[in-house]
Structure formats: structure tokens, C-alpha cells
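Step one of this worksheet: look at the structure below.
Lettering of chains follows the sequences in order, A, B, ..., and the numbering in each one begins at 1. All values derive from a computational prediction rather than experimental measurement.
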Amino acid sequence: MTPFTTCTAVAAPLLRDNVDTDAIIPSREIKSVGKTGLEDGLFAGWRYTEIGGREPDPGFILNQAAYRDAQFLLSGTNFGCGSSREHAAWALAEYGFRAVVAPSFNPIFQGNCVRNGIVPVVQAADVVAQLADEAPEPMTIDLVACEVRAASGATWSFEIGEEARHMLLEGLDAIALTLLRRAEIDAFLADDRRRRPWIYPGANG
Amino acid sequence: MAKTLFDKIWEAHRIADLGDGAALIAIDRVLLHERTGGVALQSLESAGYSVLAPERAFATMDHVVDTRPGRTDETLMPTGKNFIVATREAAKKAGITMFDIGDPRQGIVHIISPEQGIIQPGSTLVCPDSHTCSQGALGGLAWGIGSSEAEHALATGTLRIQKPGTMRITVSGQLSRGVTAKDLALYILEQIGAAGSRGLVVEYAGTAIAALDVDQRLTLCNMATELGAFTAIIAPDDTTFAYLEGRPFSPQGALWTQAVEAGRDLSSDDDACFDREWSMDASDVAPMITWGTSPQQAMRLGAPVPRTGDSPRDTAEAVVRALDYMGLKPEQEIVGLKIDAAFIGSCTNSRVSDLRRVAEILRGKHVAPHVRAICVPGSSQVRIAAEAEGLHQVFLDAGFEWREAGCSMCFYAGGESFGPQERVISSTNRNFESRQGPGTRTHLASPETVAASAIAGRIVSPAHGEPSS
Ligand code: SF4
């Protein structure tokens, strides 16, 4: 995954509360076995003029010229609620989103964001509104300083779990993070094979 | 300090503390199925990781695979074959044991794991599937995970998890004659609701639980996810050991003796503290059925559906919506309602003991002419055993379709389904809107109730179907 330190980009305002994972990626858009091929299905229900179609709806924010290259999304409370399907985070990442700024997130979705290199930034609704007012002027998310900076210079700090921050800063997925403890895991397994040999196939009975 | 059964398993698997109540936990077994397993294996490989312990990982074909006789890789679900082929190839590459189409060990993942002795008391087992909790019936800690977590477990043999809380559900007394573990599961759902155990490890305990055989324990634990639980578990006992002894993947010889010795210590200490406790008497349970679109919308068979606003756990709006979807009116009687179809199958109720009890009801009878009746054995082993006993002939003579093993119409994935507004009585675990087909109306009940209703062509009490003596 690409590490995230500081990023300056356009933020697209999608100021609705309870944007659920089915709105982010409708189940009918999940056609393949893998994690890719989801980009075109992102927000499909809102983005296109008809269900299953590909005719862009000019009213939808991501279809407007100024927001074509948006890498941040501004949204309402409880972003990512609904089914825990990870496809929602995959679709956002594949489309090119690097962060979502919202007053609150669904906890499972928030975890999925971190695992997929998207920074979930929690900011009060009035801050999100102010950032939306300044869009499409590029804003900055600084994960080193844990700060959000509007184009006007206004700055707010944000909180994120230490482990999540570490993973995002280093571009580590959870597997890479865990494999840093490989020696500890191996030692545990060696010991456990003695304690519970019946759990390990191939042990002599 | 006194410990719960869960604490003991947790501590035996804790590799490191990660702070804030999270830990790195060793995972003994990973199970996969073709709907989610292929994705996990493929994306693992594309990220450059390999499977740490392929000898402790297993995969099966159950969700997407066709269940009509003479099946191949082709499915009614338009892209289904891709899932099958991708999972088969990825499992082979990774060196994982695969219970493929045509393998006599194939079947629904939560049925074959106990059947093959993959789940063991005191072990940790994960699978990207929410009904993994079923397997806690054998005294292991088994739970459903997401796609990324499955990759993590495969690559590292561990998971980073927040320690869940605990809840003990004590069921004293004995279930009445004709009342099954399925009725008990639905009764508990009605009593404590679909969020009644949210995020908790539920330990089922008490005399009524001890009296259940392993198949019935599996049925009960299966529906813990419907309670919102992290998982369910039952302390291993002689019933457990007798069931697992000699199974293909169970430890053999001296290792088995050692495993049983260790397994005997696996119970909650007398003074262990649970975050929540709930108790009930088994004699309060009667045959149950669901009336709505959430498993908590269950009631005693014979009671009328609720009046709006009169259901303890649902808002009036939710009741109206559920009744409307189900085509029911407030206070309507459920008994006597005409059905269009009857389904025996799923990881809840499709083991050979279930099929035996159903066959007793069906023997010498025929399903009502307007009813489509389907039986899908939970595993190929179940099918083979049932056929050896001639049970399939009883089903066929009664007008049931007799299928190959799989999830089949337990859930609608884009392939085969029941029709819109069709009323189905089903031995499965979820009655969500469109779960068994777009617009399909599902009533959950025990296999006995399903069988008796199939014959009557309308919902009846299982006592109706008792063989005349
Ligand atoms: S039988 Fe149904 S509930 Fe069980 S694993 Fe299959 S789809 Fe899921």
C-alpha cells in the first residue's frame, strides 16, 4: 500500500448522513471474484442516470469537472454503515480516494479503510461544512501532525488510533504489521507444538 | 482468578498483547468456501504473501455450487463458475486440502468441519462466514471473520483482535418431547432479541444443554450469530469426545488420549464471572416459528402474530413492515396458513439425524399437491449415509426433491430461488427479506414442523405429523 504522510488534494463534498456500504458499492456492481473492477460501480446508484447504466448524472458531485481528481471525500455522520462488505473500502481506494472526512464512521468500515490505505478523519459537522464551503480549493491532510488544513489556512487537529496511524504512515497492511512479530509467532508455535501436539497435523501419535 | 472457558482458550492462544484490550491470537484452523475463499487466496497471492500453514487450512464448495443431481462446475448463478474455478485453483496452488465437487467429504463448511474432526475442543478456528459459530458446539472457539481477516489468518496464522465479552445462557430442566434445539434457538431469539448477545461469546450451559447430542448442539450454536454474538461455545464433555473420536482429522492414538485429557479441563470455573448471565427453563419451550423478517420475530406455534405495537423488541413501524412483507395481518393465526414450498437443508438442520426424524414423519405420506418440497443434505457424507439407510427413497416417495449437498436455497445469490411472495417453511436460520429469493416469504421452523407442514400444505404443528401408532 502507498504510505500516507501528507497529501494535498481536492475534497468532494457528499454531505449526507448514513451513507451506507450499499450506496458506496451496490451489490449488483460486485461481479468479480476479486477486490478490483469496483471503481466504476462506486456510488453507482447516484453517479449514473439509471440503474445498471453508465451515463453520468451531471448532478452528482464526482461527475463535475472541478471534482474529477478529488482524492478526499467529505461526508456526514455514520459514514459506511450497513453491511460489513469490504468492497466499499476497496471501491473507494480503487477510485483513488485517500481519505474520508466525516463526523463519525461505522466502526467496521473505519477498520476496513485503514486496512486499505484510506485515512478515516473524524471532524465535527461544522468543520466538515467549512471544508465543503472551501472546496474545490485543495485542502491538506497531514497524518504526521494529525492535522487537517483548509485552503484558507484554518487548521484542525484530529485523532486516530496509534496502530492505524502507524499502518497508514508506513503503508503497511495488517499482515505486514503482524509479520514484524514473526519471531514471536514462531517461538509461540514451537512452544505450542510441545504443549498441544494434537493440534498440529503430522505430529506422531 | 476464576476463568471462563473462553478465557482459558483465549489465554492459551495469546501470542502478544497489542494494547487497549487487543491481542495477537494464534489461529489453529482456517476454513474457506468458494464464495469468499477464492477472493482471499487470490488477493493474498497478488500481495506477495503465502499461506503459513496450508496443512491447517481447508476449503469446500458449498455456497455457489449447484445442488441439482448430476451437477458440474456450471451454476445457475451467472458468474458462479468463476468462484468455483478460482477457489479450486487458488487452493491447489496454496496446498490447501480441498473438498471439491465429487469428493465424498464435500458439503456445507460448518457441517463438514465437525464431521471430519477439523474443529477440536480448545482450538481456535475461523472462516469467512457468519455461521462459523455453529462449531463452538464441539468446545472450540470458532468464529466468522471478514475477507481481510481471512487473508491475515492464512498468511500469519494469527489474528489481531479485540477481546470480546462473555455471556452465559443457562438452560435448566429438559426440553419436552417433540421440542428440538431449533425451537430452543428460536425461543431464545424471541426472548432476548437479535441483539441480545451483541459482540459477546455465548457459553451455553445447564442440564438441558448437557442432554443434547452433538447434532442438536450444532443447531443451537448455529443461530448464535442471529443473536449478534461474537460466537457460541459449549464445554466439551463425554458426548463431545465420543462424537469426535476416530474422525478423519481427529488426533489418533496417544495424541487423542492427550487431547481428551486436556479437553477435560476445558470448562468455566465454578465462580467464573461472565459479563452477562441469562437463564431459562427448557420446559418453557414449545415448537416455534417465525412470523416476520428477523429471526427474533419468532413465536410459539399456535400463537397469533402480534398486533402492531405489541411486539416487545420491534417498533410498530418494523412490525408493520415485516407483516406487510410476509403478507400477514396483525393478530392473524399462523397455523393453517397455506404454504407454497418447504425446504429442509442448511448448516442449521441438515444432518443425518435431522433427515431421520423428518423421514419418520414423511414415511407413507405425500406432500400436498401444491407444495414444492426440497431436501438438501448438508454434506455428501450425510447424503451417502441417508441413501445407505434408504431415507432418500422416503423423501422421493413423499414428493420431495433429493439434492446434492450444499447451501442451496438457504440463501439467494443470484441463481436458484423461490418465487416472489411465495410462502416457504424452512429449516434454515435467516428469514430476512429476499433471503431465499426476491420477495420470498420465509418462515423458520424445526425440520419436524417443516415436514408436517409440507404434508398438510399449510403450516401445522409438528405433532400433526407424528407417525400414527
Ligand atoms: S447453509 Fe445457509 S447459513 Fe449456512 S453457510 Fe450456507 S448459506 Fe450460510
Residue pair [X] / [Y]: nearest heavy atoms and the distance that separates them:
| X | Y | value |
| --- | --- | --- |
| A:W198 | B:L255 | CB-O, 3.8 Å |
| A:I185 | B:T156 | CG2-O, 4.0 Å |
| B:H152 | A:T178 | NE2-OG1, 2.6 Å |
| B:R56 | A:P201 | CG-CD, 3.6 Å |

Would you give the length of the straight line joining atom [atom1] of [X] to atom [atom2] of [Y], rounded to the nearest 0.5 angstrom?
| X | Y | atom1 | atom2 | value |
| --- | --- | --- | --- | --- |
| B:Q120 | A:I199 | CD | CD1 | 6.0 Å |
| A:E86 | B:E151 | CD | CD | 7.5 Å |
| A:N116 | B:S148 | CG | OG | 5.5 Å |
| A:D192 | B:D28 | CG | CG | 6.5 Å |
| B:R14 | A:F188 | CZ | CZ | 10.0 Å |

Counting only heavy atoms not in [X], do more than 12 sit closer than 6.0 Å to its [atom1] atom?
| X | atom1 | value |
| --- | --- | --- |
| A:R68 | CZ | yes |
| B:E11 | CD | yes |
| A:D186 | CG | yes |

Quiz item: Counting heavy-atom pairs under 4.5 Å to chain A, which of B:A40, B:G19, B:P251 comes out on top?
Solution: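 That would be B:P251.
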Quiz prompt | Which of B:R160, B:Q258, B:H13 touches chain A most, by non-hydrogen pairs under 4.5 Å | solution =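 Looking at each of B:R160, B:Q258, B:H13 in turn, B:R160 comes out on top.
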Residue part contacting chain B, namely of [X], when any heavy atom lies under 4.5 Å:
| X | answer |
| --- | --- |
| A:A176 | both |
| A:D191 | neither |
| A:E162 | neither |

Exercise. Starting from the C-alpha separation in whole Å, work towards a yes-or-no answer on side chain to side chain contact (heavy atoms under 4.5 Å, CB included) for A:L177 and B:L18.
Key: CA-CA 11 Å; A:L177 189 67; B:L18 301 174; over 6 Å; no
Quiz prompt | chain A contact via B:L24 - which portion, at a heavy-atom distance below 4.5 Å | solution =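 Side chain only.
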Quiz item: At a heavy-atom separation under 4.5 Å, does B:S43 approach chain A through its side chain, its backbone, both, or neither?
Solution: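 Looking at B:S43, just its side chain touches chain A.
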Exercise. State whether the side chain of A:E184 and the backbone N or O of B:A16 hold a donor-acceptor pair below 3.5 Å, judged by distance alone.
Key: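 The answer is no, because no donor-acceptor pair under 3.5 Å joins these two groups.
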Self-check item: Leading residue by heavy atom contact count with chain B [cutoff under 4.5 Å; candidates A:R182, A:M1, A:R196]
Solution: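 Going by pairs under 4.5 Å, I would pick A:R196.
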